[in-house]
**Student:** 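The following block contains the structure, expressed as structure tokens.
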Amino acid sequence: MACAQGTREAITLTVSSDTKTGTTENDESVEAIVAEELAEAHPLRAAATVVDDAPTFAELGVHDKIVKALGEAGIERTFAIQKLTLPLALAGEDVIGQARTGTGKTLGFGVPALQRLELPGDGTPQVLVVVPTRELCLQVTADLKDAGKYLKARVLPVYGGRPYEPQIAALRKGVDVVIGTPGRLLDLAEQRHLVLGKVRTLVLDEADEMLDLGFLPDIERVLRMVPDKRQTMLFSATMPGPIITLARTFLTQPTHIRAEEVDASAVHERTSQFVYRAHSLDKVEVVSRVLQAEGRSLTMIFTRTKRTAQKLADDLAERGFAVAPVHGDLGQGAREQALRAFRSGKVDVLVCTDVAARGIDVEGVTHVVNYQCPEDEKTYVHRIGRTGRAGRTGVAVTLVDWDEEPRWKSISEALELGKPEPVETYSTSDHLFTDLGIPTGVTGRLPLGQRTREGLDAEELDEEPRRGRGAKRGGERGGEAKAKPKRDRVRKRTRGGSSGDGEAEGGDAKACTAETPAATAETGDETRPTTPRRRRRRTRGASAGAEGGQATDGGQEPAPARAQEDGDSSATERPARRRRSRRRAGVDTTGEQAVAASGEE
């Protein structure tokens, strides 16, 4: 096993002169793609409350270049989770960090991971950070890239929804830190593009969210690919049983750190929480009024299903609100377009599912609305953690339907909120306007004078350049279809073998029209007419005439052929049948009998 692993590393790390030349040509394009993706994440900044007597990063022994980069971002003193984590992590010990969302966990593991790098490296990843969502992947990448810019550490985000080629090209060029989602990490590792044999530091960020999303088996596979001798850090807001079991299995004598008192509430004290029992048919009206509350800025609305998120976004957009949806049914380009518009202020309402609850770190979110009751207390904590960050205040509104009351009661008891029974509320209830500061007289539609946001359409959708080769082939096929010449043929409407014009002109025209198929049948010429419709309608009749009067499916011989045999071009169908019936005296030939008699003759 060790020999196979060493061979795999040697093959992957061996670069010929041709490969280096090809990689050099693509360096600029790879860097441009990574820079474009990171442009959607906010720059490194102080995002948690810092006490005046907190130690500085320099006092804890952080590298001078990292301290310089943090100082330029306005970060000098450590946050609560960082003050407890850094001394142990810098010494190379395994750590379990538990803290609420928005308290600075990223630098708690990012600074030790950067400082323990051996630079310049040989291009093989030394640090692996596993995150649950694409949005969190981009945000962590941006923070670590900013913190390690003076170290010249090469940081690469790896996540699904993007082509493999740019990520593979960046890995071949060489990286020091890889941040990615479990699925894409496993794909690249199994394809031998991502080498995990020299990982010295492994970080599992938001481990409980990865458990909820079903990534626990993938995480275990990743943990078996990295060397046994490594530093492992696990960070999460909550610690359910499976995560504790995972930590005991794969971590070596970890130290469990909590950045708050044991009896501290899991939710933010600066967030005002309101819980209302609302009818499902009235929730859109309630949300429309909440969005018009005084002092409201950016707002995030969470739903349980993707369909509900899209429908709610469409309803609010129709009512005049600048809204953007983010859910799993949207492509990566559309999701990034919505996040860019939300961060830039072109839209002020983001409707998303629980998947987007992690990693969306947007400054200035004042309101969070739970359109549907969360599944459990962990989901509730992560949802409302989008507001009330960095010492600011926020408002969290939860709408509970009648059938969701037992679930909410369990959440309230688990978090000790003291609100087991929500207040029955409608869009016209007085306490709704009083609690949230909604002006009186507000309706369910945003007035035209307040529709000042540019909207989602003002943000460019960056989807086409990354759709892959299939889109190009589709465009080529479309060009060929347009260049194909039209078929040179003339269609004529006929009825019963006769054209419409012949019916208008009278019976003589019908007789003239009937001569052509009869002549063809009599001479035995089986050449079919050039008119497609006449060919389809006369196929059986013409073949019957050519065979000398064989019966057709309906048991009747075509009238034009019979008229041509008797030399009477003006004869109609009825006289032809009477003449054949007289040839066999004493026999009443009608219907199928007349056709059978003509066949015997």
**Student:** Within the 4.5 Å heavy-atom criterion, are L194 and L185 side-chain neighbours or not?
**Tutor:**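 L194 reaches L185 side chain to side chain.
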
**Student:** Just checking, is any N or O donor in the side chain of Q310 or D314 under 3.5 Å from an acceptor N or O on the other one?
**Tutor:**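 Looking only at side-chain atoms, D314 and Q310 do form a donor-acceptor pair, the distance falling under 3.5 Å.
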
**Student:** What pairs meet the side-chain hydrogen bond (donor to acceptor under 3.5 Å, both in side chains) rule with one or both residues in residues 440-455, with sequence neighbours excluded?
**Tutor:**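 Sorted result for residues 440-455: E318-R445.
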
**Student:** Could you check whether atom CD of E421 has more than 12 heavy atoms from other residues, nucleotides or ligands sitting under 6.0 Å from it?
**Tutor:**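 Count not over threshold, so no.
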
**Student:** About how many Å separate CZ of F235 and CD1 of I257, when rounded to the nearest 0.5 Å?
**Tutor:**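 If I round to the nearest 0.5 Å, the distance is 7.0 Å.
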
**Student:** Heavy atoms only: give me the nearest V347-A324 pair and the separation to one decimal.
**Tutor:**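 That closest heavy-atom pairing would be CG2-CB, 4.0 Å.
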
**Student:** Are E424 and Y426 side-chain neighbours, meaning at least one heavy-atom pair lies under 4.5 Å?
**Tutor:**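 Answer yes - side chains close enough.
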
**Student:** Take atom NZ of K409 as the centre, draw a 6.0 Å sphere, and report whether it contains more than 12 heavy atoms from other residues, nucleotides or ligands.
**Tutor:**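 Counting neighbours around NZ of K409, 12 or fewer heavy atoms of other residues, nucleotides or ligands fall under 6.0 Å, so no.
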
**Student:** Mind running side-chain contact (heavy atoms from CB on, under 4.5 Å) on D146 and L144 for me, showing each step along the way?
**Tutor:** CA-CA 5 Å; D146 291 343; L144 296 190; over 6 Å; no

**Student:** What is the distance from atom CE of M233 to atom OG1 of T201, rounded to the nearest 0.5 Å?
**Tutor:**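 Reported value, rounded in 0.5 Å steps: 5.5 Å.
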
**Student:** Which atom names give the shortest non-hydrogen contact between R184 and P163, and what distance separates them?
**Tutor:**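 Shortest heavy-atom contact: NH1-O, 4.0 Å.
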
**Student:** Determine whether Q292 and P447 make a side-chain contact, defined as any pair of heavy atoms from C-beta on separated by less than 4.5 Å.
**Tutor:**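 Touching, per the 4.5 Å side-chain cut-off.
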
**Student:** Tell me if a side-chain donor or acceptor on S429 pairs with a main-chain N or O of L432 at a distance below 3.5 Å.
**Tutor:**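 It does not hold such a pair.
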
**Student:** Under 3.5 Å, is there a donor on one side chain and an acceptor on the other for T425 and H431?
**Tutor:**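 Side chains of T425 and H431: pair found under 3.5 Å.
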
**Student:** Looking at NE2 of H256 and CG of L234, how far apart are the two atoms once the value is rounded to the nearest 0.5 Å?
**Tutor:**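 Reported value, rounded in 0.5 Å steps: 9.0 Å.
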
**Student:** Test salt bridge (charged side-chain N to carboxylate O under 4.0 Å, His left out) on E459 and R343; report intermediate values, then the result.
**Tutor:** CA-CA 11 Å; E459 186 66 35; R343 287 192 174 101; over 6 Å; no

**Student:** Can a donor-acceptor pair be found between the side chains of Y380 and Q273 at a distance below 3.5 Å?
**Tutor:**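 A pair is found: one side chain offers a donor N or O, the other an acceptor, under 3.5 Å apart.
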
**Student:** Within the distance-only criterion (no hydrogens, no angle test), does the side chain of T308 pair as donor or acceptor with the backbone N or O of R304 below 3.5 angstrom?
**Tutor:**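 Answer holds: no.
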
**Student:** Under 4.5 Å between any side-chain heavy atoms of E460 and Q337, yes or no?
**Tutor:**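 Contact flag for E460/Q337 side chains = no.
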
**Student:** On a heavy-atom basis, which atom in V326 and which in A338 lie closest, and how many Å separate them?
**Tutor:**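 Of all heavy-atom pairs spanning V326 and A338, the closest is CG2-CB, 3.7 Å.
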
**Student:** I would like to know whether F79 and T85 meet side-chain contact (heavy atoms from CB on, under 4.5 Å); could you show each step before the answer?
**Tutor:** CA-CA 10 Å; F79 308 146; T85 303; over 6 Å; no

**Student:** For the side chain of D401 and the backbone of H279, is there at least one donor-acceptor N/O pair under 3.5 Å apart?
**Tutor:**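 Checked: no pair found.
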
**Student:** Could you please spell out the steps behind the ring pair (Phe, Tyr, Trp, His ring centres under 6.0 Å) verdict for F302 and Y371?
**Tutor:** CA-CA 6 Å; F302 289 99; Y371 190 76; over 10 Å; no

**Student:** Taking all non-hydrogen atoms of both residues into account, name the closest pair between V131 and M210 and its distance.
**Tutor:**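 Looking at all heavy atoms of both residues, the shortest contact is C-SD, 4.0 Å.
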
**Student:** Can L128 and V222 be said to form a side-chain contact (heavy atoms from CB on, under 4.5 Å), step by step?
**Tutor:** CA-CA 10 Å; L128 178 64; V222 171; 3.8 Å; yes

**Student:** For P217, is there any backbone N or O sitting under 3.5 Å from a side-chain donor or acceptor partner on R221?
**Tutor:**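 No: the side chain of R221 does not pair with the backbone of P217.
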
**Student:** Report yes or no: does T366 contribute a side-chain atom to a donor-acceptor pair with the main-chain N or O of S297 at less than 3.5 Å?
**Tutor:**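 Present.
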
**Student:** Is there a side-chain contact between H193 and R172 (heavy atoms, below 4.5 Å)?
**Tutor:**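 Result yes, sub-4.5 Å side-chain heavy-atom pair found.
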
**Student:** Between S344 and R340 (side chain of the first, backbone of the second, donor and acceptor by atom type, cut-off under 3.5 Å), is there such a pair?
**Tutor:**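 Confirmed, S344 side chain pairs with R340 backbone.
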
**Student:** Answer yes or no: is there a donor N or O on one side and an acceptor on the other, between the side chain of T271 and the main chain of V395, under 3.5 Å?
**Tutor:**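 Pair absent, no side-chain N/O of T271 close to backbone of V395.
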
**Student:** Please report the interatomic distance CG(L216) to CD1(I243), rounded to the nearest 0.5 Å.
**Tutor:**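 The distance works out to 6.0 Å.
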
**Student:** Should we say atom CG of D430 is surrounded by more than 12 heavy atoms from elsewhere, each under 6.0 Å from it?
**Tutor:**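 Not buried by this count: 12 neighbours or fewer within 6.0 Å.
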
**Student:** Side chains of P182 and F215: closer than 4.5 Å at any heavy-atom pair?
**Tutor:**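 SC-SC contact between P182 and F215 confirmed.
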
**Student:** Identify whether the distance between the nearest side-chain nitrogen and carboxylate oxygen of D315 and R319 falls below 4.0 Å.
**Tutor:**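 Salt bridge: no.
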
**Student:** Any side-chain heavy-atom pair from L417 and W408 closer than 4.5 angstrom?
**Tutor:**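 In contact.
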
**Student:** Treating T387 as the side-chain partner and V365 as the backbone partner, does any N or O pair qualify as donor plus acceptor under 3.5 Å?
**Tutor:**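 Such a contact is found between T387 side chain and V365 backbone.
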
**Student:** Using the rule given for side-chain contact (heavy atoms from CB on, under 4.5 Å), can you reason through L330 versus E336, listing the C-alpha separation, both sets of side-chain angles and the distance that settles it, and then say yes or no?
**Tutor:** CA-CA 10 Å; L330 297 177; E336 293 175 357; over 6 Å; no

**Student:** Out of curiosity, F321 CZ to S288 OG, how far, rounded to the nearest 0.5 Å?
**Tutor:**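 Separation between the atoms: 5.0 Å.
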
**Student:** Testing L202, D205, T181, I179 one by one against V130 for a side chain to side chain contact (heavy atoms under 4.5 Å, CB included), which residue passes?
**Tutor:**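 Of the listed residues L202, D205, T181, I179, the side chain to side chain contact (heavy atoms under 4.5 Å, CB included) partner of V130 is L202.
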
**Student:** For a 4.5 angstrom cut-off between non-hydrogen side-chain atoms, does V323 reach L456?
**Tutor:**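 Side-chain contact under 4.5 Å: no.
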
**Student:** Is there a donor-acceptor contact under 3.5 Å from the side chain of E405 to the main chain of V400?
**Tutor:**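 The answer is no, because no donor-acceptor pair under 3.5 Å joins these two groups.
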
**Student:** Show the nearest heavy-atom pair for residues L399 and V286, with the distance to one decimal.
**Tutor:**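 The pair with the smallest heavy-atom distance is CD2-CG1, 4.1 Å.
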
**Student:** Would you give the length of the straight line joining atom CG of L114 to atom NZ of K149, rounded to the nearest 0.5 angstrom?
**Tutor:**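 Reported value, rounded in 0.5 Å steps: 13.0 Å.
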
**Student:** Given 3.5 Å as the limit, does a donor-acceptor pair link the side chain of E377 with the main chain of L415, or not?
**Tutor:**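 Judged by distance alone, no pair lies under 3.5 Å.
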
**Student:** I'd like to know if R383 pairs up with E375 as an ion pair, taking the criterion as any Lys NZ or Arg NE/NH1/NH2 lying under 4.0 Å from an Asp or Glu carboxylate oxygen.
**Tutor:**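 No, this pair does not count.
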
**Student:** Could you check R335, K306, K311 and say which one makes a salt bridge (charged side-chain N to carboxylate O under 4.0 Å, His left out) with D329?
**Tutor:**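 Result for salt bridge (charged side-chain N to carboxylate O under 4.0 Å, His left out) with D329: K306.
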
**Student:** What pair of heavy atoms forms the shortest contact from A309 to V351, and how long is it?
**Tutor:**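 Scanning both residues completely, I find the closest heavy atoms to be O-CG1, 3.5 Å.
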
**Student:** Does a side chain donor of either R296 or T299 reach within less than 3.5 Å of an acceptor in the other side chain?
**Tutor:**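 Result is yes, a qualifying pair exists.
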
